[in-house]
Amino acid sequence: MRSFKNSVLLLLVSATIAVVAENPNLSPALSFDQTVDRVVERERGFVVTMKRMHPLAETYIQNLREDSDHNVNPVSDEYFLGRIDLNNGVRDATFEGQHQGFMYHVAKPFSSALEYKFLPQGFAQMVVLDPDFQKNNYRFTFVRREFLGEARCIVIDVQPAKKAKDGSFTGRIWVEDRDFNIVRFNGTYSGHSAYTHYLHFDSWRFNLQPDVWLPSYIYVEESGTKRSSPMFHDLFLKAQTRLWGYDPEQLNRNEEFTQIKVDNSVDDHPVAKDNSPVEAQRMWERMAEDNAIDHLQKIGVLAPAGSVDKVLQTVVDNLIITNKLQIEPDVRCRVLLTLPLESFTIGHTIVISRGLLDVLPDEASLAMVLAHELGHIVLGHHIDTQLAFNDRLFFADTTTFQHLHFELDPAEEQAADNKAIELLADSPYKDKLVNAGLFLKAIHDRAPVLTNLIRPRMGNAMTSEKTPRMAALFNSAPTLEKQRIDQIAALPLGSRIKVDPWSNQLAMMNAKPVALVSAREKMPFEVTPFFPVLTYNQTERMLVAQGSSAHP
Amino acid sequence: MRNTMRTIVKIFFFGLVISASAFAQKLQSSPTPAVEGPAFDLSAGYTYLSMPIPSAGSVNFNGVDFNGNIGLSSRWGATLDSSYLYAADVLSTKHQGYVLSVRTGPVFYPIAHRNTRVFVHALVGASLVDGAVPITANEDFHGWLFRPSYAFGGGVEHPVSPQLGIRVIGDYVRTEFYDAAGAVQPQNNLQLSVNFVFRLKERPRKSSSQLW
């Protein structure tokens, strides 16, 4: 019996040695000191890699206040969208909005005089632990090992050494133990002053390419410091920064030029057909539509066509089929990667923002939004055909929201609302519109404080102070009861959609439904922390799998 | 005296260049803060001014200094400074004298360590100088003159609580006044101030779309 046990043990040890020998990813045991050396080396390599990357960074901040009943609610918000450049320090080329008058530029420098001023670069900074990460500048303490999704991590506390410069990171890092990349760091930068503040943040990186971990999510939370401190601040906020658009091919499609494929040079159309004036007009409008869509996708604001579009398309088809509509050319659906809640049409393409998809409580509410946009299409509301001339799209990315706007006038909005009510009345959603009405009430309720979330960048607002959209649905909905757990009018931000930061592809989240314990957990339209499930890059996994199959 | 002032000016500009260079290096290595402000304060305190009168000596003025300071970024601000200085007996002439000044200009913070900031500023404005100049042992000239004036210097500020701090300022101040012959002459003065700084509480935040 003992010899059998020994044989099994020997076999296991031999198998382990064989696996380690075959798989260089499994590192031999390193001392903690050697591990820290590897981490520092990888982190310095990361900074070099990041200098070549220019992802989009979107930061959304909700300032909070606690009322007398200890309920914490957002009281105002701020939003930044920009492209990060880590060369020569962290720079963030911020997208500029529309309608900025002369006085805005005059008053801008004074905005930090009487109140806190949030700096986009300061949030973008949180992608980097330390631009000049040196082992000598920090004290490292091993905490434990922990899994973050698939990644087995070494958890290390990092504190600045006594003589370290101000601005050094202080907090905790998670290092995946295959290649010693930092995959998460949680803490703040040391040494803020009475006038400038570093915030506490939780920064996550994803394995977006083989052996390349890149910043993807940052969650920021701050709830003031002690009043006795001379560096006291009463910042009370939650914020999130999302990054995407790492793939340089999104911006530079030259490789498509090198991959020309000619399948068949013979025109196999049955008979050449002339285009009538109506068809020509439709083609012209479609060209303008395609130009705008292509531009938005190229600069990383619009997601490539994918699975989420198909979900939207299904709902639109439900509306079209049950209403017996004939629409030429076909209606398409696309998703903006940005957070502000908005939807609009570009010709026959319905565009809806990721943020809006995230907060919609159910399919009927989605149908309501899509029905409104479909109403514009059915009523033939115009598209700006100037965009059929491609030179009108030659402008800096950061001025996109100044050049491209697709809002329609209030009369057209009202007409689309009325049409949407008609479309919904003949649809499978006609008996399920209670939550849609509640959603409109919730958005109307939060509109005065979450102005930047609800203010559209390119389309029409979801609500206005005087007239909520879809007044018929709004008025027929029950009263909004914030304390009722079973009344879900809107979801927290980030509830439905996840973004692949490399390819900008969207996918539906695969989270299990959770029963709420209290009304506090409803968090409509609110920023919440991130806890992504880290996975190793699929390409790498495929290679590993292929390697394994080659050596059975 | 003029040579001394020139030397002070040279040292000041040399110091500014050195500190700006040090600041540039610090900028490259320090992370950008995520939040700035609020940075508006009022200060008031004691001020002293030494005013040399050519061929007659110097007059020591004492008074109060009021200052409003606004932060435009983490390193730049603007200030509005006013002071009233008084001397009971100007150069033993039995005449009182005073200097009333209002000046404004940019402030630069080359060094900010924790909650202590070193600053330099250059201010322009106007001064009303009322004084007297002895002509002979029994005769003197007295009068007032309102002319442009400027000042540059720097100092240190350190908060001692969230709303209260101390600021020490040293300035070279250029004003004009009459000499014994009745001609208007430039004056190179040295002014020192110690102020209590009152930081205003943050204004309640309102939803803002201005930063977009």
Side-chain angles (χ1 to χ4, degrees), chain A residues 63 75-81 88-90 94-97 100 104 107-119 121-126 128 130-132 165-167 189 191-199 201 220 227-235 448-452 455, chain B residues 22 24-42 68-79 106-107 109 111-119 157-167 197 199-212:
Chain A
N63 294 306
V75 289
S76 64
D77 65 346
E78 306 225 16
Y79 178 82
F80 309 110
L81 178 67
N88 303 318
V90 177
T94 308
F95 278 54
E96 294 160 13
Q100 287 173 348
Y104 164 81
K108 191 176 176 184
F110 298 93
S111 55
S112 67
L114 296 177
E115 60 187 0
Y116 292 116
K117 177 183 175 184
F118 295 103
L119 305 176
Q121 305 95 308
F123 286 87
Q125 175 76 53
M126 297 168 190
V128 181
D130 185 338
D132 185 27
K165 64 184 189 307
D166 276 353
Y189 301 113
H192 52 236
S193 74
Y195 298 90
T196 56
H197 310 283
Y198 295 121
L199 304 178
F201 60 92
V220 178
R227 283 203 161 264
S228 55
S229 163
M231 289 177 286
F232 164 79
H233 70 74
D234 59 356
L235 287 161
V449 291
L450 301 181
T451 51
N452 282 299
R455 184 166 67 89
Chain B
Q25 287 178 357
K26 188 177 166 63
L27 257 191
Q28 293 223 330
S29 57
S30 292
T32 312
V35 187
E36 283 180 354
F40 178 67
D41 61 57
L42 296 171
N69 204 43
I70 191 168
L72 304 178
S73 72
S74 61
R75 299 289 165 177
W76 285 97
T79 189
V107 186
Y109 300 91
I111 299 166
H113 180 69
R114 298 277 169 155
N115 42 1
T116 302
R117 296 201 293 181
V118 175
F119 64 90
E157 61 183 45
H158 180 82
V160 292
S161 79
Q163 258 77 53
L164 195 65
I166 292 176
R167 183 180 293 146
V197 183
R199 286 188 69 201
L200 301 189
K201 282 190 175 178
E202 191 213 357
R203 192 173 65 183
R205 279 188 295 279
K206 61 184 181 193
S207 270
S208 163
S209 58
Q210 291 178 343
L211 289 176
W212 167 260

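Within every chain, numbering begins at 1; the chains are lettered A, B, ... in the order of the sequence lines, protein sequences first and strands thereafter.
Here the closest non-hydrogen pair linking A/Gln125 and B/Thr32 is OE1-N, 3.1 Å. B/Pro33 and A/Leu119 get closest at one heavy-atom pair: O-CD1, 3.3 Å. Summarising the geometry of B/Pro31 relative to A/Gly167, their closest heavy-atom pair is CG-O, 3.1 Å, with the distance given to 0.1 Å.
The side-chain contact (heavy atoms from CB on, under 4.5 Å) test applied to B/Val197 returns B/Asp41, B/Ser43, B/Arg167, not counting sequence neighbours.
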